[in-house]
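A quick write-up on the structure given underneath.
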Protein chains: 2
Amino acid sequence: MDKLRSHIQQRLTEHGIKPSLQRIAVLEYLVTHATHPTVDTIFSDLYPSIPTLSKATVYNTLKLLVQCGAVNMITIDEKNARYDACTTPHMHFRCRKCGAILDIEQELPVTLGLPRGTVVESSQTYCYGVCAECNKQDITLH
Amino acid sequence: MDKLRSHIQQRLTEHGIKPSLQRIAVLEYLVTHATHPTVDTIFSDLYPSIPTLSKATVYNTLKLLVQCGAVNMITIDEKNARYDACTTPHMHFRCRKCGAILDIEQELPVTLGLPRGTVVESSQTYCYGVCAECNKQDITLH
DNA sequence: AATTAAAATTAAAATCATTCTAAATAAATG
DNA sequence: CATTTATTTAGAATGATTTTAATTTTAATT
């Protein structure tokens with residue numbers, strides 16, 4: 001599994017980020033967990049293997065990764081910022097029952113009606129509803 | 001201007017909300033200010049005319065309005081929740097220079113690739129970039 | 001109209017995510 | 001090796017939002 005590790009390091013370097021132990025750990029976590037985790041989840045999951053880790057470092061690292069374009073922050077959840085290492089265009093869906101956040105194939109939004117001269121640099125589409133799993137359970141429980 | 005007021009009251013009632021002075025004021029503010037204001041802005045702007053107003057009431061009222069579907073909360077701004085009385089589908093654009101949030105005609109997102117059984121109830125699309133005004137100023141300053 | 005009950009509003013305290021600060025550690029450079 | 005610079009860290013500070021408990025307003029009932 002050192003191919004992953006070197007790929008992570010490369011990705012950091014490509015974005016102008018010096019690959020420290022902590023930064024590698026955070027980015028690797030995001031790459032291997034497409035669950036759009038919160039800062040807290042990332043911290044708790046990494047803490048056992050890096051017992052000196054500070055939550056401030058997770059915050060710092062994520063801010064840096066976002067600034068450099070290495071990962072995306074998504075605001076689909078009003079309570080906590082969530083992070084996504086997949087930077088190719090796609091939408092997100094959040095289930096209001098279980099809270100899971102899923103990826104959806106992107107239909108690039110057509111930004112009609114913006115004043116001439118507006119420059120759109122990025123976009124995020126968030127969908128809300130109930131996931132298939134939770135709908136399945138509802139039927140079963142009946 | 002009492003046509004507006006009665007329209008606001010009706011809209012509250014239609015959504016099962018008892019139209020108190022404060023609730024009318026908050027909804028009327030949102031209807032007449034399509035600026036996607038924050039709680040703080042709403043409070044500061046209403047305070048002079050309702051000097052007994054509490055920020056908690058603004059929070060309570062907005063939460064109620066959102067729960068009842070009378071207004072939308074948008075999370076285009078990571079720092080503060082923003083509110084929008086226009087509930088017909090449209091997208092939002094935020095300028096990273098001046099912070100303005102503008103409406104954009106909606107292209108309904110096509111949610112491909114979601115597992116069979118998923119129910120999408122609503123969606124929000126946020127676009128980020130630089131608005132026409134700010135781009136104009138950049139050219140002039142050069 | 002007075003009394004009571006229920007709902008809404010309020011100010012202040014509590015909470016919680018995030019940022020800041022200043023010290024400690026690690027890495028890079030002369 | 002010494003020194004500067006960058007990174008990490010723990011804890012304090014901040015700021016948005018929620019909670020609490022008291023007060024006021026509204027509605028219902030006598």
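The sequence lines fix the lettering, A, B, ..., with proteins before strands; numbering per chain opens at 1. For clarity, every value in this text was computed on a predicted model and none was experimentally measured.
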Exercise. How many Å lie between OH on Y83(A) and C1' on dA17(C), as a whole number?
Worked result: 10 Å

Problem set entry | NZ/NE/NH1/NH2 to OD/OE distance under 4.0 Å, E121(B) and R96(A) | yes

Exercise. Hey, what do you get for SG (C127(B)) to CG (L114(A)), rounding to the nearest 0.5 Å?
Worked result: 7.0 Å

Seminar exercise, completed: Residue pair K18(A)/K63(A) against DNA chain C: nearer the 5' end by closest nucleotide is K63(A)

For this session: Return no unless some side-chain N or O of T38(A) is found under 4.0 Å from OP1 or OP2 of dA17(C).
Result: no

Seminar exercise, completed: With both pairing distances under 3.5 angstrom for Watson-Crick or G-U wobble, and | for a partner in another strand, the correct string for DNA chain D is ||||||||||||||||||||||||||||||

Exercise. When you measure from the side chain of R94(B) to the backbone N and O of Y126(B), does any donor-acceptor pair fall under 3.5 Å?
Worked result: no

Exercise. Whole Å only: how far is the CD1 atom of I24(A) from the P atom of dA26(C)?
Worked result: 16 Å

Problem set entry | 5'-most by nearest nucleotide on DNA chain D - Q22(A) or K79(B) | Q22(A)

Seminar exercise, completed: Span of DNA chain D engaged by chain A, first through last nucleotide within the 4.0 Å heavy-atom cut-off, is dA6(D) to dT18(D)

Exercise. Are the side chain of T61(B) and the backbone N or O of V58(B) linked by a donor-acceptor pair below 3.5 Å?
Worked result: no

For this session: Would you mind checking if E133(B) and K136(B) are paired as a salt bridge, meaning a charged N to carboxylate O distance below 4.0 Å?
Result: yes

Exercise. Is the side chain of H33(A) donor-acceptor paired with the backbone N or O of V31(A) at a distance under 3.5 Å, no angle test?
Worked result: no

Problem set entry | Residues I24(A), R5(A); criterion side chain to side chain contact (heavy atoms under 4.5 Å, CB included); working and verdict | CA-CA 8 Å; I24(A) 293 169; R5(A) 194 59 64 91; 3.4 Å; yes

Exercise. Counting N and O atoms only, with roles assigned by atom type, does the side chain of T13(A) sit under 3.5 Å from a partner on the main chain of Q9(A), one being a donor and the other an acceptor?
Worked result: yes

Exercise. Contacts to DNA chain C from residues 42-62 of chain A, heavy-atom cutoff under 4.0 Å, which residues?
Worked result: A56(A), Y59(A)

For this session: Indicate the ring-plane relationship of H92(A) and H36(A), choosing parallel, tilted or perpendicular according to the 30° and 60° boundaries.
Result: perpendicular

For this session: Assess the side chains of Y83(A) and N72(A): does a donor N or O sit below 3.5 Å from an acceptor N or O?
Result: no

